[in-house]
Amino acid sequence: MNQQFLLAARPEGMVRESDFNRVSTPLPTIGEGECLIDVHYMGLEPAMRGWMENRADYIAPLAIGDVMRGFGAGSVSVSNNPSYPVGTRVTGSFGWQQHYLHRADAAPLQRIPDGISLRAAIGVFGVTGMTAWFGLERIGKPRKGDVFVVSSAAGATGSVAGQLAKIHGCRVVGITSSAEKCQWLTATLGFDAAVNYREPNWQQQLSEVCPDGIDIYFDNAGGELLNTALGLIRDAARVVLCGGISRYNATGPLDGPTNYFNLIFRRARMEGFIVLDYADQFAAAIDAMQPLVAAGQLRHADTVSQGFDALPGALVALFQGANQGKQLVCISAPDDPD
Ligand SMILES: NC(=O)c1ccc[n+]([C@@H]2O[C@H](COP(=O)([O-])OP(=O)(O)OC[C@H]3O[C@@H](n4cnc5c(N)ncnc54)[C@H](OP(=O)(O)O)[C@@H]3O)[C@@H](O)[C@H]2O)c1
């Protein structure tokens with residue numbers, strides 16, 4: 001049998017475990033040209049909250065009753081497709097299920113190169129790492145000596161973006177939600193400073209660690225964090241609009257950033273992007289990042305919840321800031337050394 005989580009309800013406010021329905025369905029029979037993937041890890045993304053809504057934006061919404069969408073890593077367990085022999089390690093949009101049937105006419109699967117773990121394949125070398133890379137390189141355009149500030153800094157994308165900015169010679173400041181995460185950013189990842197936005201004077205702290213202002217603000221959070229950063233930008237600053245997690249579960253009308261006018265005074269740019277637009281350049285970015293990871297200059301971390309049933313709770317936890325690095329769920333434990 002194949003265990004699956006289906007979308008049971010459109011979320012209202014905070015996403016809830018009851019928005020998903022767990023079902024057990026017979027394993028599909030494998031036709032000509034098809035193969036079956038055992039899903040080992042599922043990556044959790046804040047964007048999942050948006051996919052659950054009935055709203056067309058950059059990707060089609062899910063219908064009630066659909067298998068929940070999700071990118072994962074797995075291995076081929078049964079194959080009628082010579083391109084994917086049994087044992088091939090792959091990533092793809094497998095959905096929240098234990099087994100994924102890859103049909104003959106489906107888009108090709110992404111093979112995981114030797115030397116890359118399944119977890120890294122959906123973390124630093126997956127959409128997460130690509131988002132950090134292209135947001136920084138294409139929009140942030142870092143220069144040595146720039147002051148680089150990132151929100152959700154201890155999360156999957158933020159932790160990679162901050163380290164890449166450091167490699168470019170920037171002074172790197174992270175914003176996150178706890179003293180423990182701040183300590184991890186500075187002591188383990190080499191950030192120059194970190195600020196806990198749950199402390200009442202965090203805005204004052206941010207201006208103190210950026211006394212001359214901010215050249216690049218990489219925004220994952222939106223809301224008050226974005227507004228505060230806009231108030232501190234320097235001339236010709238670049239504001240990278242990567243995400244805005246503070247608004248994903250919000251209900252009712254949302255405030256815009258009142259400090260946006262500083263973009264005019266500071267002759268600055270604020271620009272959004274969707275990482276999938278760079279898909280044809282992912283391979284080159286991975287090639288550039290692999291030596292950095294191998295040399296220990298770019299560390300990747302993850303928070304792994306265990307077992308298929310952990311999926312809905314792990315998504316809720318992501319919105320509570322429980323993760324450090326990429327939030328993953330281990331669905332079936334493979335041998336996956338780093
Ligand atoms: N543009 C693109 O193509 C693209 C692609 C992928 C991801 N993204 C965006 O990138 C951002 C980061 O994604 P990720 O996958 O790397 O997730 P992540 O940062 O690993 O996890 C989410 C983090 O958001 C923070 N958070 C949760 N609720 C919050 C709230 N109400 N206010 C402020 N912060 C909150 C928490 O960190 P703290 O402990 O620091 O609060 C949490 O750990 C998201 O906004 C996502 O939508 C964009």
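Order of listing sets the numbers, starting from 1, for every ligand and every atom in it. The shown structure was predicted, so the numbers you read here are calculated from the model rather than taken from an experiment.
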- Item | Same apolar cluster: Leu101 and Val78, side chain cutoff 4.5 Å | yes
Measure from the side-chain N and O atoms of [X] to the backbone N and O of [Y], and report whether any donor-acceptor pair falls under 3.5 Å.
X: Gln98; Y: Phe308; result: no
X: Lys141; Y: Arg238; result: no
X: Asn227; Y: Thr258; result: yes
X: Thr303; Y: Gln324; result: yes
X: Arg299; Y: Gln163; result: no

Identity and separation of the nearest protein heavy atom to [atom]:
atom: atom 28 (N) of ligand 1; value: Phe319 O, 3.3 Å
atom: atom 22 (C) of ligand 1; value: Ile245 CD1, 3.6 Å
atom: atom 19 (O) of ligand 1; value: Gly155 CA, 3.4 Å
atom: atom 47 (O) of ligand 1; value: Tyr248 OH, 2.7 Å
atom: atom 33 (C) of ligand 1; value: Tyr197 OH, 3.5 Å
atom: atom 48 (C) of ligand 1; value: Cys242 O, 3.0 Å
atom: atom 36 (C) of ligand 1; value: Gly321 CA, 3.7 Å
atom: atom 43 (O) of ligand 1; value: Asn323 OD1, 2.5 Å

Does any N or O of ligand 1 fall below 3.5 Å from an N or O anywhere on [X], backbone included?
X: Ser177; result: yes
X: Ile175; result: no
X: Gln320; result: no
X: Thr131; result: no
X: Ile274; result: no
X: Ala221; result: no
X: Val275; result: yes
X: Asn220; result: yes

Would you call [X] a ligand 1 contact, heavy-atom distance under 4.0 Å?
X: Tyr58; value: no
X: Thr128; value: no
X: Gln327; value: no
X: Gly158; value: no

- Message: Regarding atom 20 (O) of ligand 1: of the candidates Ser246, Gly223, Gly244, Ala156, which has the closest heavy atom?
- Response: Ala156
- Item | Nearest candidate to atom 13 (O) of ligand 1, where distance is taken over non-hydrogen atoms, out of Gly222, Ser178, Gly272, Pro46 | Pro46
- Note on the structure: Partner of Leu44 under side-chain contact (heavy atoms from CB on, under 4.5 Å), picked from Asn323, Leu311, Ile122, is Leu311
- For the side-chain contact (heavy atoms from CB on, under 4.5 Å) test, which of Gln97, Arg22, Glu17 pairs with Phe5? Arg22
- Message: Can you confirm whether the side chains of Gln327 and Ser305 place a donor and an acceptor under 3.5 Å from each other?
- Response: yes
- Message: For Tyr100 and Phe94, take the angle between the two ring planes, folded into 0 to 90°, and tell me which bin it lands in: parallel under 30, tilted 30 to 60, perpendicular over 60.
- Response: tilted
- Task: Could you check whether the rings of Phe148 and Phe218 sit parallel, tilted or perpendicular, using 30° and 60° as the cut-offs?
- Result: tilted
Ligand-residue contact atoms, ligand 1 with [X], heavy atoms, under 4.0 Å:
X: Thr176; answer: 38 (P), 39 (O), 40 (O)
X: Phe273; answer: 1 (N), 2 (C), 3 (O)
X: Thr157; answer: 12 (C), 13 (O), 14 (P), 16 (O)
X: Gly243; answer: 9 (C), 45 (O)
X: Lys181; answer: 37 (O), 38 (P), 39 (O), 43 (O)

Could you check whether [X] pairs with [Y] (Lys NZ or Arg NE/NH1/NH2 to Asp/Glu carboxylate O, under 4.0 Å)?
X: Arg103; Y: Glu34; value: yes
X: Lys166; Y: Asp192; value: yes
X: Arg234; Y: Asp212; value: no
X: Asp57; Y: Arg55; value: yes

- Item | Rounded distance [0.5 Å steps], CZ in Arg49 versus OH in Tyr248 | 11.0 Å
- Task: Between Leu318 and ligand 1, find which residue part has any heavy-atom pair under 4.0 Å and reply side chain, backbone, both or neither.
- Result: both
